[in-house]
**Student:** 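This is the structure, below, for whatever I ask next.
Keep in mind it's a predicted model, so treat the numbers as computed, not measured.
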Amino acid sequence: MTDTLQIDGKTLQSRFFLGTATYPSPKVLQEAIDAAQADVVTVGLKRFLPGSANPLTQSTTDGVDNQFFAMLKASGRQLLPNTAGCKTATEAITLANMAREIFGTHWIKLEVIGDDYTLQPDPFALVEAARELIQQGFFVFPYCTDDLVTCNRLLDVGCQILMPWGAPIGSGQGLINTYALKTLRARLPEVPLVVDAGIGSPMHAVLAMQMGFDAVLLNSAVAQSHDPVRMAEAFKLAIQAGRLAYHSGVMAQQEMAVPSTQVTGRPFML
């Protein structure tokens, strides 16, 4: 079955968006990207910028080699820079413009954090930043909560895709509010929805895809596992399985047992 994902005029073969932070080495990261067969990889710009006039060719003052960026560009994947670490709309807008210049893409994953403990997005600053960036020609992937009203405000200012969280970033809790997520899917049937943040195991990814979400974005569950390469493959298969199950129709749960083998009624063979 051909089941591609269309975003901003691009055709994606994979519904697995993979983050690139906290891997044990660039080699393991590259192998994990290959195992995931991900078409889209995210990259955080802010943590690499201090002390480097040209992030593609120089090292930062803390010793981080920004050839990392060049490696990602050479991977052939669609890069999705993010504004991780930003706490104001102004800061996120500035970083987005830097990312566009460095990576040569108008795609941006917009993060504006409103709470340091939960890393919950600030809905007001998020909408403000999204409006301005869209006016500047960006295709904005907003990292948001599962709140329907906030999601509608983001659509109102021009967002064409939404990235609601499953749980707080890096928590591994999975989908903590399935009611809210199912509501988003039901109320916004034509909008591409990517579950972003909180995914801890392939089981969570299967559930998201079975619910009809269009893709899953994760980082920590792969990067911080004992074997990131094998875990990337596990998530790839889970996302594929969940999507197939969604199209096939998952059986409804029932309160009582229903025999799978009928002992009365019309037989199969006459």
Side-chain angles (χ1 to χ4, degrees), residues 1 3-8 10-23 29 32-44 77-80 82 84 107 109-111 119 121 141-146 151 159-178 180-186 188-189 191-225 228-248 250:
M1 179 183 68
D3 187 32
T4 57
L5 178 61
Q6 301 291 327
I7 298 179
D8 189 31
K10 295 182 181 295
T11 300
L12 304 178
Q13 303 296 327
S14 171
R15 294 173 180 267
F16 186 2
F17 293 14
L18 185 63
T20 58
T22 69
Y23 284 81
L29 169 60
I33 292 173
D34 291 340
Q37 295 183 351
D39 288 338
V40 177
V41 296
T42 68
V43 55
R77 267 65 177 191
Q78 169 67 49
L79 298 185
L80 179 58
N82 67 52
W107 283 19
K109 180 188 172 190
L110 180 61
E111 298 184 31
L119 298 181
F141 295 67
Y143 164 61
C144 54
T145 64
D146 50 22
C151 288
C159 292
Q160 299 179 49
I161 189 169
L162 299 171
M163 305 184 79
W165 70 354
I169 294 172
S171 68
Q173 296 182 59
L175 311 182
I176 59 175
N177 192 342
T178 56
L181 291 170
K182 288 178 180 178
T183 299
L184 282 183
R185 182 68 286 172
L188 305 173
V191 178
L193 299 177
V194 181
V195 173
D196 177 17
I199 298 295
S201 80
M203 175 184 67
H204 301 148
V206 170
L207 179 58
M209 299 306 293
Q210 284 184 176
M211 290 166 59
F213 282 84
D214 296 282
V216 170
L217 191 157
L218 60 95
N219 188 149
S220 300
V222 169
Q224 298 179 20
S225 67
V229 178
R230 294 183 70 182
M231 186 61 77
E233 183 177 9
F235 271 105
K236 176 196 72 174
L237 297 172
I239 290 167
Q240 292 173 350
R243 185 68 179 175
L244 284 170
Y246 170 69
H247 279 301
S248 302
V250 178

**Student:** Hey, are the side chains of Phe141 and Asn82 touching, using non-hydrogen atoms and a 4.5 Å cut-off?
**Tutor:**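 Result no, sub-4.5 Å side-chain heavy-atom pair not found.
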**Student:** Evaluate the side-chain proximity of Val216 to Phe16: yes if any heavy-atom separation is below 4.5 Å, no if none is.
**Tutor:**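 Result no, sub-4.5 Å side-chain heavy-atom pair not found.
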**Student:** Identify the two heavy atoms, one from Ala21 and one from Ala223, that lie closest to each other, and give their separation to 0.1 Å.
**Tutor:**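 In this case the closest contact between Ala21 and Ala223 is O-CB, 3.3 Å.
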**Student:** Under 3.5 Å, is there a donor-acceptor pair between the side chain of Arg185 and the main chain of Gly212?
**Tutor:**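 Checked: pair present.
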**Student:** Between Val40, Ile33, Thr42, which is the residue that forms a side chain to side chain contact (heavy atoms under 4.5 Å, CB included) with Arg77?
**Tutor:**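 Option passing the side chain to side chain contact (heavy atoms under 4.5 Å, CB included) with Arg77: Ile33.
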**Student:** Leu175 versus Ile199: any side-chain heavy-atom pair under 4.5 Å?
**Tutor:**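 Yes, at least one pair of side-chain atoms sits under 4.5 Å.
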**Student:** Looking at OG1 of Thr22 and CD of Gln224, how far apart are the two atoms once the value is rounded to the nearest 0.5 Å?
**Tutor:**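 So the gap between those two atoms works out to 4.5 Å.
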**Student:** How close do Pro168 and Ser171 get, heavy atom to heavy atom, and via which atoms?
**Tutor:**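 That would be O-OG, 2.8 Å.
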**Student:** In Å and rounded to the nearest 0.5 Å, what is the CG to SG distance from Leu188 to Cys151?
**Tutor:**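 Output value for this atom pair is 6.5 Å.
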**Student:** If I take atom NZ from residue Lys10 and atom CG from residue Leu5, how far apart are they, to the nearest 0.5 angstrom?
**Tutor:**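 Lys10 NZ to Leu5 CG: 13.0 Å, rounded to 0.5 Å.
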**Student:** Testing the basics here: between Val222 and Ser225, what is the closest heavy-atom pair and its distance to 0.1 Å?
**Tutor:**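 Looking at all heavy atoms of both residues, the shortest contact is O-OG, 2.8 Å.
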**Student:** Is there side-chain contact between Leu79 and Val41, with heavy atoms separated by less than 4.5 Å?
**Tutor:**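 SC-SC contact between Leu79 and Val41 confirmed.
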**Student:** Taking the side chain as every heavy atom from C-beta outward, state whether Trp107 and Ile7 have any atom pair closer than 4.5 Å.
**Tutor:**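 Result yes, sub-4.5 Å side-chain heavy-atom pair found.
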**Student:** When rounded to the nearest 0.5 angstrom, what distance separates CZ in Phe235 from CE in Met203?
**Tutor:**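 Going from CZ on Phe235 over to CE on Met203, the span is 10.0 Å.
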**Student:** Could you tell me whether the side chain of Phe17 reaches within less than 4.5 Å of the side chain of Leu12, counting heavy atoms only?
**Tutor:**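 Of all side-chain heavy-atom pairs linking Phe17 with Leu12, at least one is under 4.5 Å.
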**Student:** Going by the rule side chain to side chain donor-acceptor pair (under 3.5 Å), which residues pair with Asn177 if we only count those two or more places apart in sequence or in a different chain?
**Tutor:**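 Here no residue qualifies.
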**Student:** Return the minimal non-hydrogen interatomic distance between Ala167 and Gln173, and the atom names on each side.
**Tutor:**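 So the minimum-distance heavy-atom pair works out to CB-CB, 3.8 Å.
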**Student:** With Tyr143, which of Leu217, Val194, Ile169 fulfils side chain to side chain contact (heavy atoms under 4.5 Å, CB included)?
**Tutor:**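 When Leu217, Val194, Ile169 are each tested with Tyr143, the side chain to side chain contact (heavy atoms under 4.5 Å, CB included) holds only for Ile169.
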**Student:** How close do Gly170 and Ser220 get, heavy atom to heavy atom, and via which atoms?
**Tutor:**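 Looking at all heavy atoms of both residues, the shortest contact is CA-OG, 4.1 Å.
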**Student:** Please confirm whether the backbone N or O of Leu193 pairs with a side-chain atom of Asp214, one donor and one acceptor, at under 3.5 Å?
**Tutor:**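 Here the side-chain-to-backbone pair exists.
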**Student:** Gln78: which residues meet the side chain to side chain donor-acceptor pair (under 3.5 Å) condition with it, sequence neighbours left out?
**Tutor:**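 With sequence neighbours excluded, Gln78 shows a side chain to side chain donor-acceptor pair (under 3.5 Å) to Thr105, given in chain and number order.
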**Student:** Taking NZ, NE, NH1 and NH2 as the nitrogens, is one of them in Asp196 or Lys109 under 4.0 Å from a carboxylate oxygen of the other?
**Tutor:**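 A salt bridge is present here (some side-chain N lies under 4.0 Å from a carboxylate O).
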**Student:** Which distance, rounded to the nearest 0.5 Å, do you find between the CG of Leu18 and the CG of Leu80?
**Tutor:**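 Answer for the CG-CG pair, Leu18 versus Leu80, is 11.5 Å.
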**Student:** Quick check: does any side chain N or O of Arg243 sit under 3.5 Å from a backbone N or O of Val206, one acting as donor and the other as acceptor?
**Tutor:**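 Looks like no, no N/O pair under 3.5 Å.
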**Student:** Could you tell me if Gln13 and Thr4 have a donor-acceptor pair between their side chains, going purely by distance under 3.5 Å?
**Tutor:**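 No, because no side-chain N or O of Thr4 sits under 3.5 Å from a partner of the opposite role on Gln13.
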**Student:** Supply the atom-to-atom distance Ile176 CD1 to Leu181 CG, rounded to the nearest 0.5 angstrom.
**Tutor:**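 Reported value, rounded in 0.5 Å steps: 9.0 Å.
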**Student:** Tell me if a side-chain donor or acceptor on His247 pairs with a main-chain N or O of Leu244 at a distance below 3.5 Å.
**Tutor:**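 Side chain of His247 to backbone of Leu244, a donor-acceptor pair under 3.5 Å: no, none is there.
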**Student:** Taking the side chain as every heavy atom from C-beta outward, state whether Pro192 and Gln160 have any pair of such atoms under 4.5 Å apart.
**Tutor:**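 A side-chain contact under 4.5 Å is absent here.
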**Student:** Indicate the atoms forming the closest heavy-atom contact of Asp39 with Ser14, along with that distance.
**Tutor:**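 It is OD2-N, 3.0 Å.
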**Student:** Are Trp165 and Leu119 side-chain neighbours, meaning at least one heavy-atom pair lies under 4.5 Å?
**Tutor:**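 Counting from C-beta outward, Trp165 and Leu119 never come under 4.5 Å.
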